[in-house]
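Report on the structure given below.
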Protein chains: 4
Amino acid sequence: MSINVVTLVGRVGSDPDMKYFESGKVKCQLRLAVNRRSRSDEPDWFTLELWGKTAEVAGNYVKKGKQIAVKGSLKFDSWSDRNTGITRSSPIIQVDQLELLGSKRDADNDMGDDNFS
Amino acid sequence: MSINVVTLVGRVGSDPDMKYFESGKVKCQLRLAVNRRSRSDEPDWFTLELWGKTAEVAGNYVKKGKQIAVKGSLKFDSWSDRNTGITRSSPIIQVDQLELLGSKRDADNDMGDDNFS
Amino acid sequence: MSINVVTLVGRVGSDPDMKYFESGKVKCQLRLAVNRRSRSDEPDWFTLELWGKTAEVAGNYVKKGKQIAVKGSLKFDSWSDRNTGITRSSPIIQVDQLELLGSKRDADNDMGDDNFS
Amino acid sequence: MSINVVTLVGRVGSDPDMKYFESGKVKCQLRLAVNRRSRSDEPDWFTLELWGKTAEVAGNYVKKGKQIAVKGSLKFDSWSDRNTGITRSSPIIQVDQLELLGSKRDADNDMGDDNFS
DNA sequence: TTTT
DNA sequence: TTTT
């Protein structure tokens, strides 16, 4: 395999989308907002794919609004458009390391504040 | 801006596509093949965008088949589909560093070989 | 220059060490604790060097205990040991991008708590 | 574990230093020269540590002068100076992916290349 | 669709 | 010397 390394820091746009397969495998998809240099620019939105234990950690601790850092690689998923039959591809960040950022406080919404709800 | 770092090593799929703007700016687009772990898998093909001096270096030294390493960030370019009017986006590696790999010999295609045709 | 990319996420061990040169240049040094896989292991401590605008941001917003992400490259600084005269070198992360992590709340120590003292 | 990602491209300074442990583990150490921006500057020399299958690949295919790309993380090894008893530490790149660069020709200087067949 |  |  060639060198293909991606590191991103951003905020998660919605709660994790978990899939539990009959094989026992676990998959988690997240959408991550990564800001551009200018605050007035729209962020780039990336689709992250996590498997196994990393997916389970995400399922347990990542929520909408949570700030995370990820390391992974960039892939393309190919799929056939239902209507047109045209093959399309969409970029996916295959995550192999996930780090939850901010203090526990950030995630907990303690003391009545509710920034991330 | 958030942390958004991509590092790739691969081989260029065709000669550089250069654009010289009236403003004096220079842009280069390349398609890069990055192998997956298994050689039997198809590689991922990425679109690279280079500007300014980095673009000029690419224009002068990168040719089809050339092995390169790049550092940059991952963005999405949005555009409106001419036929359907639907807004689509395609991922772009915005390159801020380019490194030419292999010996000069590799690039020269001496001895009549042409690996990627 | 060859590809030399480092991305780190960690917590700062002490307040920033700022130096203002007569030339107008600004330099900031930080010590960053980056945890290893096992929580029982000691973290790795890295020396970060920031210049110019990035240094000033660090001087204004980074404090002891602050969580940050940085992108940069790994260098060695050489220096002569005063006592022995032996040339030593120490690794330095030359930072070209700094991102402050956590909510504003984390840094502000609001509500009377003082997690990082 | 925190995010700690290093990507380097450079040339190896000497043949691989292999160690085969009784446990069956294999370790390979390499010294890698990574050029700075200016060609007149001395390169930075990094110590790489590879284990297991990656170490064996290095042992079989990496030679002095070989161009490689690596992905890994930055650690410090601590050791006690024999003479002074002072604890010193030296930075190590823990490699988890190795990519051999250039054509087979580069390393071998043969004429009958067959890179992609 | 996230945040500051 | 930081945090959880």
Side-chain angles (χ1 to χ4, degrees), chain A residues 8-17 29-48 57-58 60-70 93 98-110 113-117, chain B residues 1-4 76 78 87 89, chain C residues 8-17 29-48 57-58 60-70 93 98-110 113-117, chain D residues 1-4 76 78 87 89:
Chain A
L8 299 172
V9 173
R11 288 194 186 263
V12 174
S14 58
D15 287 344
D17 175 26
Q29 276 212 352
L30 296 172
R31 292 279 288 166
L32 188 73
V34 178
N35 291 320
R36 294 203 171 184
R37 194 165 299 264
S38 163
R39 283 302 179 94
S40 58
D41 280 351
E42 291 294 299
D44 288 291
W45 282 96
F46 299 110
T47 299
L48 312 185
V57 170
N60 289 329
Y61 297 107
V62 172
K63 285 174 191 146
K64 182 177 173 178
K66 181 73 179 162
Q67 190 178 39
I68 63 173
V70 296
I93 309 292
L98 165 70
E99 182 174 3
L100 309 170
L101 302 178
S103 68
K104 193 167 167 299
R105 239 216 248 114
D106 272 343
D108 282 354
N109 272 343
D110 58 328
D113 57 274
D114 64 359
N115 295 339
F116 301 109
S117 61
Chain B
M1 191 205 197
S2 279
I3 295 290
N4 179 334
F76 285 96
S78 292
T87 299
S89 68
Chain C
L8 299 171
V9 173
R11 288 193 187 263
V12 175
S14 57
D15 287 344
D17 175 26
Q29 277 213 349
L30 297 171
R31 292 282 287 166
L32 188 72
V34 179
N35 291 321
R36 294 201 170 187
R37 194 164 300 261
S38 163
R39 282 305 179 93
S40 59
D41 280 351
E42 290 293 300
D44 287 292
W45 283 96
F46 299 110
T47 300
L48 313 183
V57 170
N60 290 328
Y61 297 106
V62 173
K63 285 173 192 149
K64 183 178 173 178
K66 181 73 180 163
Q67 191 179 37
I68 64 173
V70 296
I93 309 293
L98 165 70
E99 182 173 6
L100 308 170
L101 303 177
S103 67
K104 193 169 166 302
R105 240 216 247 111
D106 271 345
D108 280 356
N109 271 342
D110 58 330
D113 58 274
D114 66 359
N115 295 335
F116 301 110
S117 61
Chain D
M1 192 205 195
S2 280
I3 297 289
N4 179 336
F76 284 95
S78 292
T87 299
S89 69

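Order of the sequence lines fixes the chain letters, A, B, ..., with proteins taken first and strands second; residue numbering starts at 1 for each chain. Treat the numbers as computed from the prediction; the structure is a model and nothing was measured. For the numbers below, each heavy atom of this structure counts, side chains included, while hydrogens, waters and symmetry mates do not.
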Atom pair CZ (A:F46) and CD1 (A:I93), whose distance is rounded to the nearest 0.5 Å: 6.0 Å

Starting from C1' on F:dT4, measure out to CZ on C:R11 and report it in whole angstrom. 8 Å

Take the protein atom CD1 of B:I3 and the nucleotide atom P of E:dT2, then report the distance between them rounded to whole Å. 22 Å

With A:I68 as partner, the option from A:V9, A:L32, A:L8 fulfilling side-chain contact (heavy atoms from CB on, under 4.5 Å) is A:L32

Measure from CD on C:Q67 to C1' on F:dT3 and round the result to the nearest Å. 8 Å

Atom-to-atom span, CZ of C:R36 to P of F:dT2 - whole angstrom: 18 Å

What is the separation between atom CG on C:L48 and atom P on F:dT2, rounded to the nearest whole Å? 16 Å

D:N4 CG to F:dT3 P, in whole Å, measures 20 Å

Would you mind reading off the distance between C:D44 atom CG and F:dT2 atom C1', rounded to a whole angstrom? 13 Å

Nearest-Å distance for atom pair CH2/P, residues C:W45 and F:dT3: 8 Å

Might you point out which heavy atoms bring C:G13 and C:W45 nearest each other, and give the distance in Å? CA-CZ3, 3.6 Å

Shortest non-hydrogen separation from C:K66 to C:L101 and the atoms involved: NZ-O, 3.0 Å

